[in-house]
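I have placed the structure first, in the form of structure tokens, so that the comments after it can refer back to it.
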Amino acid sequence: LGRGKGRRPTTKTCAGGASHTQMYDIPIDFSALSILYCARKYQFNCVRGIDGSSAATDFGNACHSYFEARNKGDKRTVSDIVTPLISKWNISAADQTKLMLICITFDQQKNPKPIIDTANSPLAEYKFSWPWATYGNYRIILCGTMDLVYQVDNFLCVRDYKTCAAMGTTLDKKIAEYTSSLQLYFYAYALHKYLYQFLQDSHADMALRLALSGQYTMVLKSSVPLPKFDHTPFCSITPYDIINVERILHNLIPKAIAIHESQTISPPEGAAFKMCSACNYYRLCLEKDESNLLDQINKLPVRQYDPTNF
């Protein structure tokens, strides 16, 4: 693929002439998993590092940044928090008012308090990363960011905010898409298998006992006259769900490794799943000549895919 961070492990020579193979870390968060239906999309985003963001994702990031500030106790005025976010995420003039209204509406709600870890850090936009498994010379680093983890009665709940412009039946379809996805179960898996050790004793016990749940909060930016926050029902987390997450990881990660090792442009598999209309790389894939496509992507700015540093 030309430029980009190394996709293969490299061999180094030690003193005395002995050589060893350097391990190569592959970060796998839920976003990476969710695009493995298309080898090319994964390659462009997670290997090549081509920016696949859009105005919609930038708007969502601005909202998340505000929610994080409030969930972590930021007491500044709405304007003081929002103004730099507008600049950072290049929010259009048409969306600036919507962003401000969403933030005001958020403050008017009764929002749950995040739990804290053993370092007294609140679990709001909480980043995690751990070496999950080794495949040959590749270390798989499971990672991600949980928007909010809070306690409800005798269980922990992972809340994920979804900023959405859809309404009516389109919104219903979007909610069904989210509630049937692996995302909340992926985070529950992380809490149960790894993050419990960084939680206070009572919360660690909940994570280990699978006293866990999750919900999506739909941030409806197009709701009239004001934005609206709708919460999906709590989902239950069972041992079967944890087993399924692990099975899915073992099934998908060999594909991710194969894409990292590929020295050619991967095929646009998303076309087989009718997913191209939802892909921000769609216009690149309209180019049918591989050499021309390679020339186009080599001219694009790239950045290393790092889900814990964005």
Side-chain angles (χ1 to χ4, degrees), residues 29-42 44-46 52-64 66-67 89 91-92 94-95 97-99 101-103 105-106 109 144-148 157-189 212-238 240-241 244-245 247-249 251-252 268-286 307:
D29 64 336
F30 176 74
S31 293
L33 285 177
S34 69
I35 60 176
L36 271 169
Y37 63 83
C38 181
R40 180 175 291 183
K41 184 172 185 178
Y42 180 89
F44 281 0
N45 190 63
C46 302
S53 62
S54 65
T57 56
D58 287 344
F59 186 88
N61 286 332
C63 291
H64 274 76
Y66 185 86
F67 304 157
W89 296 107
I91 305 301
S92 69
D95 272 342
T97 300
K98 287 186 177 181
L99 175 62
L101 289 173
I102 285 172
C103 296
T105 304
F106 179 86
Q109 297 188 113
T145 302
M146 293 184 288
D147 292 351
L148 179 68
C157 180
V158 180
R159 174 178 289 185
D160 195 82
Y161 296 101
K162 299 295 185 186
T163 307
C164 185
M167 297 298 290
T169 56
T170 305
L171 174 60
D172 293 340
K173 182 178 179 182
K174 184 64 68 174
I175 292 174
E177 174 188 315
Y178 289 136
T179 55
S180 61
S181 82
L182 189 73
Q183 185 172 14
L184 296 178
Y185 302 99
F186 179 81
Y187 294 148
Y189 179 83
L212 298 171
S213 183
Q215 68 177 169
Y216 292 101
T217 293
M218 306 300 297
V219 184
L220 307 179
K221 60 183 288 189
S222 299
S223 180
V224 177
L226 294 172
K228 187 178 179 182
F229 287 70
D230 272 356
H231 310 294
T232 63
F234 294 117
C235 69
S236 62
I237 308 294
T238 69
Y240 178 74
D241 295 316
N244 273 342
V245 171
R247 291 173 65 189
I248 290 169
L249 288 168
N251 286 341
L252 291 181
E269 294 176 337
F273 299 93
K274 300 181 181 179
M275 296 296 291
C276 294
S277 61
C279 181
N280 291 331
Y281 301 115
Y282 170 68
R283 294 194 178 279
L284 281 174
C285 293
L286 292 177

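Since we're looking at a predicted model, the values are computed, not measured.
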- Note on the structure: Output for pair (M218 CE, L171 CG), nearest 0.5 Å, gives 5.5 Å
- Message: As an exercise, state the distance from CZ of F67 to OG1 of T163, rounded to the nearest 0.5 Å.
- Response: 5.5 Å
- What orientation do F229 and F106 show, parallel under 30°, tilted 30 to 60°, or perpendicular over 60°? tilted
- Task: Kindly give the heavy-atom pair with the smallest separation between C38 and P268, and that separation in Å.
- Result: SG-C, 3.9 Å
- Item | Check against side chain to side chain contact (heavy atoms under 4.5 Å, CB included), W89 and L99 | CA-CA 11 Å; W89 296 107; L99 175 62; over 6 Å; no
- About how many Å separate CG of L249 and CG of N244, when rounded to the nearest 0.5 Å? 10.5 Å
- Closest contact, heavy atoms only, Y185 versus C235: OH-CB, 3.9 Å
- What orientation do F30 and F186 show, parallel under 30°, tilted 30 to 60°, or perpendicular over 60°? tilted
- Task: Output yes when a side-chain donor or acceptor of Y216 lies under 3.5 Å from a complementary backbone atom of K162, and no otherwise.
- Result: no
- Message: To check you understand the geometry: which heavy-atom pair defines the closest contact between C164 and K174, and what is its length?
- Response: SG-CG, 4.0 Å
- Please name the pair of heavy atoms, one in T145 and one in P307, separated by the smallest distance, quoted to 0.1 Å. OG1-O, 4.0 Å
- Query: Do the side chains of L212 and V158 get nearer than 4.5 Å, heavy atoms only?
  - Reply: no
- Query: So do I102 and T105 actually touch side chain to side chain, heavy atoms under 4.5 Å?
  - Reply: no
- Closest approach of K41 to A278 (non-hydrogen atoms, all atoms of both residues): NZ-O, 4.2 Å
- Spatial distance of atom CG (N45) from atom CG (L36) [nearest 0.5 Å]: 10.5 Å
- Polar side-chain atom of Y281 near backbone of C276 as donor-acceptor pair, under 3.5 Å: no
- Residues T169 and D172: side-chain donor-acceptor under 3.5 angstrom: no
- Spacing of OH belonging to Y240 relative to CZ belonging to R247, to within rounding of 0.5 Å: 6.5 Å
- Message: Using modelled atom types and a 3.5 Å cut-off, is there a donor and acceptor pairing between side-chain atoms of Q215 and backbone atoms of H231?
- Response: no
- Message: Working to the nearest 0.5 angstrom, can you tell me the gap between I35 CD1 and C279 SG?
- Response: 8.0 Å
- For L184 against G214, the heavy-atom pair lying closest together: CD1-C, 3.6 Å
- Geometric cation-pi criterion, K98 with F59: 6.0 Å, 45°: no
- Message: Any heavy-atom pair between the side chains of F234 and C157 that's under 4.5 Å?
- Response: yes
- Report yes if the side chains of Y178 and T232 come closer than 4.5 Å at any heavy-atom pair, otherwise no. no
- Query: Do C285 and R40 have side chains that get closer than 4.5 Å, going by heavy atoms?
  - Reply: yes
- Could you tell me whether a side-chain N or O of D147 sits under 3.5 Å from a main-chain N or O of Y161, the two making a donor and an acceptor? yes
- Task: Ignoring hydrogens and angles, tell me if any N or O in the side chain of S213 forms a donor-acceptor pair with the backbone of S236 under 3.5 Å.
- Result: no
- Item | Heavy atoms from other residues, nucleotides or ligands near OH of Y282 exceed 12 (cutoff 6.0 Å) | no
